[in-house]
**Student:** 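Below are the structure tokens for one structure; questions will follow.
What you are looking at is a predicted structure, and each value in this text was computed from that prediction instead of being measured. Every number for a ligand or one of its atoms is a count from 1 in the order of the listing.
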Amino acid sequence: MRLVLFGPPGAGKGTQAKLLAEHRNLLHLSTGDMLRAAVRNETPVGLEANGYMKEGELVPDDVVNRIVEEAIADLDHSGFILDGYPRTIEQAEFLLGRLELKGTPLDAVVSLQVPEEHIVQRLSRRRTDKETGEIYHLDFKPPPADIPQDRLQHRSDDQPEAIRNRLVEYHSKTKPLEDFFRSRARFIEVEGLGGLEEVREHIEEALSSLEATA
Ligand code: AMP
């Protein structure tokens, strides 16, 4: 299955994409994770992306498209789930064009619906385990007590100013993709509020009915 998990920052895309990838043996491709790794390793892409990411702005399309193109070039998995990509019309055109050339079109875009008032709260209370990449929430999914505090990272772009910028970027550049996807792919809206398992079940139900009609 080839999927895009779509939604605003803080909708739970990363957490759900990870669960879905494990369950369905899909390759989980998170452009956020790939870019953060590039920043950590100080690669040319990382050096270019770092400033944008710190401010909560989108990294230029050509940079992101390049890393996605490399990642999907030689897939030997049963498919992939893209998390955090595409985020602009230009990225979406690029992706659909590449997949068409390979003869492997997208099966669906799953859009996680989360009202705006929940987003800031979710992001500001989010913590990431630096070693495992596991994402926690101080209220809803607290980290286990035996993880040392210094392993838990509050992402610099989860600070209030950067969160505001990320939302502005989302509204101006990413949200318009909803209409784009509605006309170019199967666009499935799924309730993103609720517990982790609950949301996972909503997604699985949506995918099962998609498979049943395929
Ligand atoms: P995420 O972990 O998906 O929230 O992404 C973190 C940051 O990485 C974003 O705020 C952007 O600066 C950058 N980023 C991730 N994916 C993309 C993308 N598809 N296009 C542009 N910038 C991206």
**Student:** Judged by non-hydrogen atoms, does R155 sit under 4.0 Å from ligand 1?
**Tutor:**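 The answer is yes, since R155 has a heavy atom less than 4.0 Å from ligand 1.
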
**Student:** Can you list the ligand 1 atoms lying under 4.0 Å from a non-hydrogen atom of T31?
**Tutor:** 15 (C), 16 (N), 17 (C), 19 (N)

**Student:** Which of the atoms in ligand 1, numbered in the order shown and given with their element, are less than 4.0 Å from a heavy-atom of E57?
**Tutor:**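 Matching atoms, with element in brackets: 11 (C), 12 (O).
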
**Student:** Take every heavy atom of R36, measure it against each atom of ligand 1, and state whether any distance is under 4.0 Å.
**Tutor:** yes

**Student:** Among H28, Q16, K18, which residue meets the side chain to side chain donor-acceptor pair (under 3.5 Å) test with D83?
**Tutor:**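 Between D83 and the candidates, side chain to side chain donor-acceptor pair (under 3.5 Å) is satisfied uniquely by H28.
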
**Student:** N/O to N/O below 3.5 Å, does that happen between G56 and ligand 1?
**Tutor:**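 No, G56 has no N/O under 3.5 Å of an N/O on ligand 1.
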
**Student:** When you compare the side chains of E57 and N165, does any donor N or O come within less than 3.5 Å of an acceptor on the partner?
**Tutor:** no

**Student:** Provide the closest heavy-atom pair for Y170 versus P8 in the form atom of the first, atom of the second, distance.
**Tutor:**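 So the two residues come closest at CE1-CA, 3.5 Å.
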
**Student:** Short list, please: which atoms of ligand 1 are under 4.0 Å from a heavy atom of Q91?
**Tutor:** 18 (C), 19 (N), 20 (N), 21 (C)

**Student:** Heavy-atom contacts under 4.0 Å between V59 and ligand 1: side chain, backbone, both, or neither?
**Tutor:**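 It is both parts that get close, each with some atom under 4.0 Å.
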
**Student:** Using a strict cut-off of less than 4.0 Å between a Lys/Arg side-chain nitrogen and an Asp/Glu carboxylate oxygen, indicate whether R200 and E197 qualify as a salt bridge.
**Tutor:** yes

**Student:** Quick one: look at D61 and ligand 1, take heavy-atom pairs under 4.0 Å, and tell me if it's side chain, backbone, both or neither.
**Tutor:** neither

**Student:** Holding to side chain to side chain contact (heavy atoms under 4.5 Å, CB included), I want the full list of residues that pass it with V45, two or more places apart in sequence or in another chain.
**Tutor:**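 Side chain to side chain contact (heavy atoms under 4.5 Å, CB included) check on V45 returns L35, A38, T43, V63, R66, I67.
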
**Student:** For the residue pair E116 and H171, confirm or rule out a side-chain donor-acceptor distance under 3.5 Å.
**Tutor:**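 Indeed, the side chains of E116 and H171 share at least one donor-acceptor pair under 3.5 Å.
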
**Student:** Of the listed options (M53, K54, R87), which comes nearest to atom 5 (O) of ligand 1 when hydrogens are ignored and any heavy atom counts?
**Tutor:**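 Of the listed residues, R87 has the closest heavy atom.
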
**Student:** Under the rule for side chain to side chain contact (heavy atoms under 4.5 Å, CB included), what residues qualify as partners of P115, not counting sequence neighbours?
**Tutor:** E117, H118, L193

**Student:** As an exercise, identify every atom of ligand 1 less than 4.0 angstrom from a heavy atom of L35.
**Tutor:** 8 (O), 13 (C), 14 (N), 15 (C), 23 (C)

**Student:** Which ligand 1 atoms does R166 reach within 4.0 Å, using its non-hydrogen atoms?
**Tutor:** 4 (O), 10 (O)

**Student:** State, yes or no, whether a side-chain contact exists between S124 and I163 at a heavy-atom distance under 4.5 Å.
**Tutor:** yes

